[in-house]
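Step one of this worksheet: look at the structure below.
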Amino acid sequence: MRIANHAGRLALVEPDPERSGGLRGLDVEEISDGRFAPDPQAVYGRWAEFRGWADAVDLTAAVPLDPGALGPVAPRPPQVFAVGLNYRDHAAESGMELPTTPLVFTKYASSFTGPQGDIALSPGDVDWEVELVAVLATGGRDIPAEQGWDHVAGLTVGQDISDRTTQFSAPPPQFGMGKSYPGFAPTGPALVSVDELRAAGLDPDDLELGCLLNGESVQKGRTGAMVFSVPDLVARLSSIVTLLPGDVVFTGTPAGIGAGRTPPRFLAEGDELVTWVAGVGQMQHRFVPGDRT
Ligand code: ZN
């Protein structure tokens with residue numbers, strides 16, 4: 001099952017066989033006769049009920065969706081968790097030791113944007129970080145890792161765009177601020193349920209992901225290389241924080257960021273960034289001058 005945020009309304013979607021990477025779908029509020037609200041964020045609070053209904057919906061009447069109208073799949077999460085240094089090769093390129101517990105920070109929700117369109121550059125050195133993003137269905141505390149996937153509504157593609165100048169302006173690093181300029185947290189194009197990935201023969205614990213800058217592959221890895229897997233993160237986060245329906249988790253990036261290169265390379269005006277997770281989807285963004293650059 002796949003859902004998307006289409007023009008601010010919840011849509012039940014599927015890949016469009018007529019357009020590579022495109023989606024077609026139906027408006028949930030309309031086809032459910034108002035049973036489910038149009039607000040994409042509201043669905044996570046009624047996830048089990050929604051799944052029961054959505055799994056029986058016939059999508060043969062689905063219409064092509066405008067990719068430019070797609071928004072973040074969870075636009076106003078109660079909490080946003082982001083995990084740093086969650087891949088061994090990325091910790092090494094960052095010159096940091098591998099964490100023994102997840103290094104957690106936040107991306108403020110005002111930085112959320114959709115899977116296509118322009119992103120304004122911030123004043124500093126702006127970097128890319130492809131990430132698998134999980135959205136929670138049922139929350140809770142002290143969730144065992146063996147039940148971690150049961151609490152995940154689905155997975156989507158994310159970019160943890162990062163202003164390294166702000167992030168490292170003075171010790172200790174300012175992760176939350178450097179990664180929360182407007183537009184620095186794009187997600188989409190759709191949220192794909194874990195059972196849908198398994199049905200497609202994919203292992204949700206080992207998905208290939210990467211990003212391309214102006215057509216050149218700059219990051220390529222597998223989520224199987226994460227230090228803390230998605231179910232592990234659910235367990236460790238919920239051992240401290242009460243998790244809530246619709247919470248968003250950015251799970252970390254593999255090697256290949258711009259700051260880890262010799263010489264370092266950062267995003268510039270006109271750059272095109274394509275971000276993908278196999279079986280989940282692809283995003284495409286162009287970088288434009290910001291009002292402070
Ligand atoms: Zn990151």
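As the structure lists them, so they are numbered: ligands from 1, and atoms in each ligand from 1. One is the number of the first residue; the rest follow in order along the sequence.
- Relative to the ring axis of Phe112, Lys107 does not place its NZ or CZ within 45° and under 6.0 Å from the centre.
- Here Trp47 pairs with Tyr44, Phe50 under the ring pair (Phe, Tyr, Trp, His ring centres under 6.0 Å) rule; sequence neighbours left out.
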Report, one line per pair, each donor and acceptor closer than 3.5 Å where one atom sits in a side chain of residues 134-142; sequence neighbours left out.
{"unit_1": "Thr138", "atom_1": "OG1", "unit_2": "His151", "atom_2": "ND1", "d": "3.3"}
{"unit_1": "Arg141", "atom_1": "NH2", "unit_2": "Ser239", "atom_2": "O", "d": "3.2"}
{"unit_1": "Arg141", "atom_1": "NH2", "unit_2": "Ile240", "atom_2": "O", "d": "3.3"}

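- Residue Met177 shares its hydrophobic cluster (ILVMFWY side chains chained together at separations under 4.5 Å) with Tyr108.
- Residues Leu12 and Leu65 fall into different hydrophobic clusters, defined by Ile, Leu, Val, Met, Phe, Trp and Tyr side chains chained together at heavy-atom separations under 4.5 Å.
- Ordered by chain and number, Glu129 OE1, Glu131 OE2, Asp160 OD2 make up the set of protein N, O or S atoms under 2.8 Å of the Zn ion (ligand 1).
- A distance of 10.0 Å separates CZ of Phe36 from CD1 of Ile31, quoted to the nearest 0.5 Å.
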